[in-house]
Amino acid sequence: MHLPKAELHLHIEGTLEPELAFALAERNGVTLPYATTEELRAAYQFDDLQSFLDLYYALMAVLRTEDDFAELADAYLARAAAQGVRHAEIFFDPQAHTARGVPIGTVIEGLGRALERSEETHGVSTQLILCFLRDLSAESALGTLDAAKPYLHRISAVGLDSAEVGHPPAKFREVYEAATALGLRKVAHAGEEGPPEYIREALDILGVERVDHGLRCMEDPELVARLVADRVPLTLCPLSNVRLRTVDKLTDHPLPAMLAAGLHCTVNSDDPAYFGGYAGDNFDAVRDALALDPEQLRTLARNSFEAAFLDHDEERRARYLAEVEAYAFD
Ligand SMILES: [Zn+2]
């Protein structure tokens, strides 16, 4: 769907398509445990979180140079633009790269190179969000933020991702305080697999402005009331929820109930190469499975621009919102 939208929940490492993985593997002399792109494509049909994470981290081995990261981001931006994305706030996981010997500067400068020419090349404005891997230690997160200091001009926010259960937001209080002191915005994954309490912690202890996923707030009416009253944006990823079994099937997705409750929902793609679709594909899928009408879809798109970190450029936000209102559904 070409409805203009902002993508606010997108892991750049999760946009690695099999064809690019093979091309980078060849260029960097990395041997992948798959003979062909078809074989690798078949491996993308994993059926649980652990098999997804195993493949996801194994394939990162092909990303080594600034050029690799620039190509990865450029390929994503081209696909996103073709599906109506006008603004993208992109997550990256520096620890997944520094752990295998790739310097954080290589990652940030490579991504940054693609992002800074994105508006001209693809018509997509961008921001970069540095995410901490929550299954690693709080000290590792602090060290990562410290290592990112020379590159802060390229980074607008911090986030928290990877395996949620057993790694509550409170574990990262200190690094979020440090990020605040550096003037960074704050988001965090919470309430995808973890309980509603993790959403409260993300808000109260980390001070996040948006909650990534946040689905499980629906188990806690008081929390829903608070999220509605404070207009806290939730970055939902419907196709991801089905692939990782957060919901059994898309027709069971709580999105309609969440919209009806007045929650500030947005629709995003998470790790689109692995979860069966980019932002527009996610819009198409929820329209079809949940029978969303054009005004509900327009609300989701409007919400995405309202939730974007565009406070420094309200003129741009207003322009994007006008595009949403002007969009004609066919
Ligand atoms: Zn995510």
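Whatever order the structure lists ligands and atoms in, that order sets their numbers, starting from 1.
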**Q** Mind checking the NE2-CZ spacing from His97 to Arg100? Nearest 0.5 Å is all I need.
**A** 6.0 Å

**Q** Could you pull out the closest heavy-atom pair between Pro4 and Val324, with the gap in Å?
**A** O-CG2, 3.6 Å

**Q** When you measure from the side chain of Arg86 to the backbone N and O of Ser125, does any donor-acceptor pair fall under 3.5 Å?
**A**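 No, the answer is negative, given that no donor and acceptor are paired below the 3.5 Å cut-off.
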
**Q** Salt bridge or not for Glu120 and Arg117, using N-O below 4.0 Å?
**A** no

**Q** Inspect the contact between Arg231 and Glu306 and indicate whether a charged nitrogen and a carboxylate oxygen are less than 4.0 angstrom apart.
**A**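 Yes, charged N to carboxylate O under 4.0 Å.
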
**Q** What's within reach of the Zn ion (ligand 1), meaning protein N/O/S atoms under 2.8 Å?
**A** His9 NE2, His11 NE2, His189 NE2, Asp270 OD1

**Q** Is NZ or CZ of Arg210 both nearer than 6.0 Å to the six-membered ring centre of Phe309 and within 45° of the ring axis?
**A** yes

